[in-house]
Amino acid sequence: MMRRGSGRRSAGDKCGLKPGYTLVIAEKPKAASRIAMALNASRKCYYGRTPYYTSQSGDLIIASAAGHLYGLHTRERGYPVFTYEWIPIYEYEKGAYYLKPYYSMLSKLSRNAELYVNACDYDIEGSVIGYMIIAKMGDPRRAKRMRYSTLTHAELREAWRKLSPIDKEMVEAGIARHEVDWLWGINISRALMDLARKATGRRVILSAGRVQSPTLVKAYNDWMKRGLYIPDPLFEVIVILEKDGVEFTAKLIGNPETRGEALKIAGQVKHDGKLRILYVERKPYERKPPPPFNLPDLQAEASRIYRYSPSETQKLAEDLYLAAAISYPRTNSQKLPSTLGYRGLIEKLISMSKYRKFAANLLSKEKLYPRQGLKEDPAHPAIYPTGYMPRNLTPRHYRIYDLIVRRFLATFSENALLVKTLSTLTDVHGRYRFEASGINIVKAGWMEIYTYSSPEEKPLPPLAVGELVDVKDVKMKIAWPNPADPPIRKISLVKWMEKVGIGTEATRARIVDTLYKRGYIIRGKSEDEMTSLGAGVARLLISAFPQLSTPDLTRRLEEDLESIRTGRNSRRKVVMEARKIIVNLLDSYKKLIESDEAKKIAAEAGLRPPEEKCHLCNMPAKAKINGVALCEAHYSAYMKLKEKLPSLKYRVQYPVDRLLSKIASVSGRFISDVAREALHNKRLYDALNA
DNA sequence: GCAAGGTC
Ligand SMILES: [Zn+2]
């Protein structure tokens with residue numbers, strides 16, 4: 001889509017290396033280039049096509065990795081498995097060939113270095129990335145750590161002057177994180193696949209892990225609750241009024257118990273032909289600009305506005321970053337530090353005609369200060385446009401770019417000014433109360449730039465207390481409220497992970513995609529759906545591996561890592577502890593799946609057909625209603641519907657068939673299945689209405 | 001082949 005802004009490559013650059021230099025290892029190529037500039041290492045050399053930098057004297061070399069070059073791997077099959085080693089990732093992971101050149105370059109540059117500096121991001125993973133390279137290719141006894149949190153010249157030079165000893169405890173904590181995740185993930189995934197194979201004779205890829213499994217269980221729980229939802233109808237009386245040629249609506253306050261009662265009120269108001277104003281209040285209010293984007297907020301907005309999935313948005317943003325159009329996107333920060341030079345960044349946007357007006361407007365202000373959010377990131381600021389606009393953006397890339405620029409400009413803009421009008425009305429007999437509300441935008445402020453979250457204007461004519469207003473029409477509408485639990489959607493899952501603190505900016509969207517790739521969740525017509533496999537795996541995890549079913553495991557791991565980092569605990573102990581728990585779990589699990597229960601468990605997990613299946617789905621039958629076999633979920637749905645039906649009949653006052661088909665269309669899926677079935681299954685119909 | 005974590 002876009003060309004990389006990396007400049008010309010002259011393959012034959014002669015960069016003779018004199019032994020005894022200092023090798024600075026950055027986490028990624030962009031960081032290496034910034035560090036090189038700050039440290040005056042301006043000679044750009046190439047190892048094949050991969051760049052590195054040296055000082056004029058040749059005693060300083062800056063080169064980069066591309067994230068983790070080493071990972072944990074085993075050649076052993078079967079489970080439980082507790083032996084693993086650090087191996088170059090490109091050797092065992094499909095699609096990781098791009099790591100090879102970085103690996104080879106660092107391998108060569110490491111040979112004749114005197115001192116190694118780990119200049120990867122100053123966080124737990126950065127410590128592991130740099131350490132593993134130095135440990136495998138160089139010598140950790142001759143290593144230092146460079147600590148910085150922004151890639152500005154001043155901070156990088158300061159960090160260079162104040163090199164620290166290697167952060168051994170942080171490295172140990174990081175390695176422990178890798179080991180514990182590997183032990184849980186590989187072992188429990190293999191355990192699931194083992195059951196599947198025993199039950200079906202076929203090999204399927206299944207997986208479980210510290211982050212993906214709680215997310216699956218969360219989706220499962222929401223889906224179950226939603227499936228059993230029956231709305232309580234609201235009988236709304238809506239009065240259409242007119243004054244001075246302006247039409248507006250007022251709604252009855254309170255909920256009539258029955259449809260008949262609501263119709264009676266509607267009829268009366270229509271007959272009266274007037275409502276009286278009891279109360280009017282104008283409430284001016286301000287809306288502050290939103291904070292600048294971090295990745296979760298960008299993913300949420302792109303999903304809301306363009307229906308892009310979180311991983312699609314992330315990919316588009318990463319492309320824009322590699323093309324130098326935006327800053328680093330895998331950030332959690334909602335803050336723009338003033339060291340970025342606000343004015344300079346906005347000035348660069350002037351050259352783009354689409355943003356010229358807004359940018360010029362901001363530059364005319366004496367003070368520029370962005371709205372800052374609360375979320376922080378140890379290594380990166382919020383996402384902002386660099387001012388360099390690559391040509392030939394695809395429409396999808398452009399949409400994300402436009403969103404980022406507008407959001408960035410909006411954060412510097414003025415508050416929006418709005419007025420909300422609230423009015424209470426009554427019928428002429430004073431029996432009922434109605435409310436009308438309106439919204440007027442007085443000054444759009446930032447909403448003029450970031451146009452995606454303006455409230456809709458709803459004008460209300462000037463109203464005076466005591467006056468009578470003409471009724472044009474009255475309607476009665478039955479509202480069936482949506483369930484409180486949200487439908488399954490990728491963006492909701494990513495947001496939930498962020499809220500409970502599992503996964504990272506770089507991994508959440510990818511891990512959610514994994515749940516779909518495994519066939520646990522599928523994309524549906526109106527909303528995504530749990531498959532019987534996904535529901536089964538979730539139930540199995542809850543019963544056999546409860547540690548993996550909630551975010552608590554992450555909380556405990558974080559505490560353990562912190563204790564390693566502060567020297568209160570050792571990696572060995574933390575890993576042994578995890579190993580012990582896993583050994584015990586797998587011991588019971590193996591007994592279970594080798595027992596007579598195995599077939600039943602496999603059927604419950606959606607891995608093989610049950611002895612007797614539910615009349616409405618493929619799950620095992622749990623109960624019979626008038627001879628109709630139902631699974632646990634459909635049985636619960638039946639019981640709930642049977643309990644609710646009398647009151648719905650009384651309140652809605654529809655013939656039973658019409659009521660059932662209405663319920664089928666507004667309720668959760670298990671309730672719908674039962675209601676729809678009852679319409680043509682006499683045995684179920686009779687049982688339900690008995 | 002399985003995790004979760006980096007990044008091209
Ligand atoms: Zn069923």
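Naming: A, B, ... by sequence-line order, numbering from 1 per chain. As the structure is a computational prediction, the values presented were derived from the model and not from experiment.
- Across the interface with DNA chain B, nearest-nucleotide mapping of A:N187 and A:P29 shows A:N187 to be the residue nearer the 5′ end.
- The side chain of A:S189 places no N or O atom within less than 4.0 Å of a non-bridging phosphate oxygen (OP1 or OP2) of B:dA3.
- B:dA3 atom C1' lies 17 Å from atom OH of A:Y79, rounded to whole Å.
- Under 4.0 angstrom from either OP1 or OP2 of B:dC2 there lies no side-chain N or O belonging to A:R77.
- Relative to the side chain of A:A506, the nucleotides B:dC2, B:dG1, B:dG6 differ in distance, and B:dG6 lies closest.
- Across all strands, A:L192 comes closer than 4.0 Å to no nucleic acid atom at all (heavy-atom distances).
- For A:Y97 and B:dT7, the OH to P distance is 23 Å, given to the nearest whole Å.
- Nearest-nucleotide assignment on DNA chain B puts the 5′-proximal partner with A:I186, out of A:L69 and A:I186.
- Atom CG of A:D377 is separated from atom P of B:dG5 by 14 Å (rounded to the nearest Å).
- Classification of A:D222 and A:K218 as a salt-bridged pair holds, one side-chain N sitting under 4.0 Å from a carboxylate O.
- Side chains of A:T331 and A:N294: no donor on one and acceptor on the other come within 3.5 Å.
- Among B:dT7, B:dG6, B:dC2, the nucleotide with an atom closest to any side-chain atom of A:T504 is B:dG6.
- Residue contacts shown for A:G185 are limited to sugar-phosphate atoms, with no base heavy atom under 4.0 Å away.
- Contact annotation for A:G71: no contact, since no heavy-atom pair falls under 4.0 Å across all strands.
- For the pair A:I87 CD1 and B:dG1 P, the computed distance is 14 Å after rounding to whole Å.
- Residue A:R197 is classed as having no contact, given no heavy-atom separation below 4.0 Å to the nucleic acid.
- The phosphate of B:dC2 has neither OP1 nor OP2 within less than 4.0 Å of any side-chain N or O from A:R75.
- Separating the CZ atom in A:R177 from the CD1 atom in A:I564 is a distance of 12.0 Å, to the nearest 0.5 Å.
- Using a 4.0 Å cut-off between a side-chain N of Lys or Arg and a carboxylate O of Asp or Glu, A:E179 and A:R571 qualify as a salt bridge.
- Protein atom CZ of A:R330 is 9 Å distant from nucleotide atom P of B:dG6, rounded to whole Å.
- For B:dA4, neither phosphate oxygen OP1 nor OP2 lies less than 4.0 angstrom from any side-chain nitrogen or oxygen of A:T507.
- Rounded to a whole Å, the CD1 atom of A:I511 is 14 Å from the C1' atom of B:dC2.
- Across all strands shown, A:W182 has heavy atoms under 4.0 Å from base atoms, whether or not it also approaches the sugar-phosphate.
- Using a 4.0 Å heavy-atom cutoff across all strands shown, A:E93 reaches at least one base atom of the nucleic acid.
- Taking the six-membered ring where tryptophan is involved, the planes of A:Y328 and A:H380 are essentially parallel, since the angle between them stays under 30° and well short of 60°.
- In this model, no side-chain donor or acceptor of A:R203 finds a partner on the base of B:dG1 within 3.5 Å.
- A:Y70 comes within contact range of no nucleotide atom at all, as no heavy-atom separation falls under 4.0 Å.
- One atom, NE2 of A:H73, and another, C1' of B:dG6, lie 18 Å apart when rounded to the nearest Å.
- Residue A:I89 places its side chain closer to B:dG6 than to any other of B:dA3, B:dG6, B:dT7.
- Comparing B:dG1, B:dT7, B:dG5 by their nearest atom to the side chain of A:K28 picks out B:dT7.
- Heavy atoms of A:A208 sit under 4.0 angstrom from primed sugar atoms or phosphate atoms, though from no base atom.
- When the nucleotides B:dG5, B:dT7, B:dA3 are ranked by their closest atom to the side chain of A:T514, B:dA3 comes out on top.
- Residue A:Y102 places no side-chain atom within donor-acceptor reach of the base of B:dT7, judged by atom type and a 3.5 Å distance cut-off alone.
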Before you tell me yes or no, could you show the steps for A:Y308 and A:R399 under side chain to side chain donor-acceptor pair (under 3.5 Å), namely the whole-Å CA-CA distance, both residues' side-chain angles and the distance that decides it to 0.1 Å?
CA-CA 11 Å; A:Y308 293 171; A:R399 279 174 158 181; 3.1 Å; yes
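- One N or O donor and one acceptor, one from the side chain of A:R510 and one from the base of B:dG5, sit under 3.5 Å apart.
- A:S33 places no side-chain N or O within donor-acceptor distance of the main-chain N or O of A:P29, the cut-off being under 3.5 Å.
- Among B:dC2, B:dA3, B:dA4, the nucleotide with an atom closest to any side-chain atom of A:L72 is B:dA3.
- A:Q212 comes within 4.0 angstrom of sugar-phosphate atoms only, judged by non-hydrogen atoms across all strands, and of no base.
- The interatomic distance linking A:H68 (NE2) with B:dT7 (C1') rounds to 10 Å, in whole Å.
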